[in-house]
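The sequence lines fix the lettering, A, B, ..., with proteins before strands; numbering per chain opens at 1.
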Protein chains: 2
Amino acid sequence: MTDRAGPRATPTPPTSAAVARHAGVSRATVSYVLNGQAAGRVGERTQARVRAAAEELGYVPHAAARSLRAGRGRLVLLAAPADAVEAFGPLFTGFLAGFQTALHRLGYTGVLHGAPASSPMAAARAWAELRPAAVLNLYGPPLDAPAVELLHRAGTAAVLVLGPSAPPGAHTLLLDQREAGRRAGEHLLARGRRRIGVVRPAEPGPADCAELRLAGVRAAAAAHPDARVRPLDLARTEESAAGLAAAWPELGLDAVFGYNDEYAMLLMRALQDAGHTIGADGPDRLAVVGADDLLLARLLRPRLTSVHAEITPPEQIAGLVADLLLDPAAPPAIHRLGSFHVTPRASG
Amino acid sequence: MTDRAGPRATPTPPTSAAVARHAGVSRATVSYVLNGQAAGRVGERTQARVRAAAEELGYVPHAAARSLRAGRGRLVLLAAPADAVEAFGPLFTGFLAGFQTALHRLGYTGVLHGAPASSPMAAARAWAELRPAAVLNLYGPPLDAPAVELLHRAGTAAVLVLGPSAPPGAHTLLLDQREAGRRAGEHLLARGRRRIGVVRPAEPGPADCAELRLAGVRAAAAAHPDARVRPLDLARTEESAAGLAAAWPELGLDAVFGYNDEYAMLLMRALQDAGHTIGADGPDRLAVVGADDLLLARLLRPRLTSVHAEITPPEQIAGLVADLLLDPAAPPAIHRLGSFHVTPRASG
DNA sequence: TTGAAAGCGGTACCAA
DNA sequence: TTGGTACCGCTTTCAA
């Protein structure tokens, strides 16, 4: 057989026909046996022969051929421009882990496809070529109505979009980033803060999410006539944070929502280095709130107060997708992906 | 056309035959036109008609059918048990981003497939069903020789495995975690430290990587007869870190390599809270070194010294994969994925 | 209990 | 310049 390691001139992969020949039966019989449809059709001995032959040849069914014949694939596409994957952080990768295994258990193959972010249409075309059973777009903007339409025409039974809103025809996975901002705002306002700065990352990845969180803070502030909200542009570097901290006295703020823990920590450290005192109590102290509730955020002093996201278990979302696939005619609906609450600590 | 939003009873996706009918030509002609093989075969006017028809119907080629006919797919599988994705951290997601877009430019579809981690063979089977052109296994252990053999038999032209070593038949992507440990060890030894603790995360995700990094530190210590290396078990919680810090005096160590920045920061903070002084200089100070060079690690005081990974640009790895695919008979080789060096800061 | 054959969508050869 | 057609691997009806 193999007398040398290393990829020899690739032998043609074994087909079901090869298995049939090897077992001395027809292709149909092989198909029945290997798909558990053999009950009462194929004799025990024959089944055993077929299985042995498949094993011996290292036969693996050809997913493409199968779904071509079946008319529907079992691929679930998780679409996210790869730079966004980074923006989501550990929360996302953790979710991804459970989601893929849950899908696997349900008989689907979940796969992450980093979109070539050029245009919504281009992305949709690339996905549609794979004829996925479902597409989950985990990035805010890039899917519009024509793109969804294209996917549907390509046979995709369910299109789900992350965001506060979705294009017509698509389901919504609601993880309302405005809520994150609102919670942070309400928390600070309840503690008497009235002049609130909100970090707006200079990096393009988090931009959209940041805008929503800012809007949330504004919404919370609307309930207090004397409250003021001010966006603060900040890049993810120590220099940028130092610059912002240097300009601080002119801003006249008594609280900051740092977009997420990382930016919040960056700014908090810079403010401390510039001589400001951070803390939840007292008008002389500056309140700082982050989001995502990173472990690392508890290592700074004072510990960082953070908006924590309670994400729906990935198994549940996988189940939702499976349900949608069973009933493709279901009208687009809104499905909550999670909610936010504040975990108060010493910083604010 | 569409008078209601929402997925209507899914119309059959348009096929190339539908385009042919719509344009009043044959399927062959459609194929030629849409694949740029029309030069000198099909008239300009006909080409225009075909393209218009395709556009109008929203035609998207069926990747499965195409690769079925072609005998080879254009799918590149990035395989990583999803919990490992988390373990790799931002370094990995950043790499993933560039890699997928680079592959896309080369005409391949790169896709992340979280393996059902049950067994190497089961994983290989799941991947083989997709008949990928190449598989990159980014997780250390789970691919053995039979699994690689199976993939090759399924027509996968290139199998690449991350790690210091690879099973026969597979290429090696070398990101030598021992080197990370060695660099940390050499750094501490050069600064006169001799009793070095090395964090071993209790979590299963980083376990293998941690073992290699520990081995690297040991290798570095071998050059100094009086040096001692001691593994330190630590879970990713503040309680665990506090416990380890409480037991510190009995350990008699003058330096720690914290596995990565996160564990290092966790431990460093706990040690500080327990009254120890961290720093690079002076025998009364405890030296702490992390790895991954996170931005956040610069926010603690003293700033964390870290082992920085210099990763080969993803475009380059994508190019390598493409080359391997063009010459599948190339003997398995070792390809460096990156290297490590220490970024010294105040903590050690 | 098993086999023959049609057909999923697309490509490419050969004939017209 | 274009059309007819065989075939890629697999499932499934129908007939034997």
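- Annotation: the span from A:L173 atom CG to A:R336 atom CZ amounts to 12.0 Å, rounded to 0.5 Å.
- The two residues A:A133 and A:G73 make their nearest non-hydrogen contact at CB-O, 3.6 Å.
- For the pair A:H152 and A:V159, the tightest heavy-atom approach, listed with the atom from each and the gap, is NE2-CG2, 4.0 Å.
- Among the protein residues, A:R66 comes within range of the sugar-phosphate backbone only, with heavy atoms under 4.0 Å from sugar or phosphate atoms but none that close to a base.
- Using a 4.0 Å cut-off between charged side-chain N and carboxylate O, B:E129 and B:R125 make no salt bridge.
- In terms of heavy-atom proximity, A:A158 sits nearest to A:L324 at CB-CB, 4.0 Å.
- Contact footprint of chain B on DNA chain C: nucleotides with an atom under 4.0 Å from a non-hydrogen protein atom, first to last in 5' to 3' order, C:dG9 to C:dC14.
- Remark: A:Y32 pairs with A:R41 by the side chain to side chain donor-acceptor pair (under 3.5 Å) rule, at least two apart or across chains.
- Mapping heavy-atom proximity under 4.0 Å, the span of DNA chain D touched by chain A runs 5' to 3' from D:dG9 to D:dC14.
- Checked by atom type and distance alone, the side chain of A:R27 never pairs as donor or acceptor with a backbone atom of A:A17 at under 3.5 Å.
- Where the helix from C:dT1-D:dA16 to C:dA16-D:dT1 starts and where it ends, the local axes point in directions that differ by 50°; five pairs per end, rounded to 10°.
- Between A:S26 and B:H62, the residue anchored nearer the 5' end of DNA chain C, judged by the nucleotide with its closest heavy atom, is A:S26.
- Nearest approach of B:P314 to B:F99, heavy atoms of both residues: CB-N, 3.3 Å.
- Judged by distance alone, the side chain of A:R153 and the main-chain N or O of B:P14 form no donor-acceptor pair under 3.5 Å.
- Listed here is the closest heavy atom pair of B:S165 and B:V161: O-CG1, 4.3 Å.
- In this structure, A:G43 reaches the sugar-phosphate backbone alone: every heavy-atom distance under 4.0 Å involves primed, P, OP1 or OP2 atoms, never a base.
- Among the atoms of the strands shown, only primed sugar atoms or phosphate atoms (P, OP1, OP2) are found under 4.0 Å from some heavy atom of A:V25.
- Taking a 4.0 Å limit (strictly below) on heavy-atom distances, residues 44-52 of chain A does not reach DNA chain D anywhere.
- Nearest heavy-atom pair, B:A134 versus B:V321, reported as atom, atom and distance to 0.1 Å: CB-CG1, 4.0 Å.
- Of the two residues contacting DNA chain D, namely A:T29 and A:L68, the nearest-nucleotide position lying further toward the 5' end is that of A:L68.
- For B:R105, the salt bridge (Lys or Arg N to Asp or Glu O under 4.0 Å) criterion is met by no residue, not counting sequence neighbours.
- Looking at which nucleotide of DNA chain D each of B:Y32 and B:A65 is closest to, the 5′-most match is held by B:Y32.
- Residue contacts shown for B:R69 include a base, since a base heavy atom lies under 4.0 Å away.
- Between the side chain of B:S67 and the backbone N or O of B:A70 there is no donor-acceptor pair closer than 3.5 Å.
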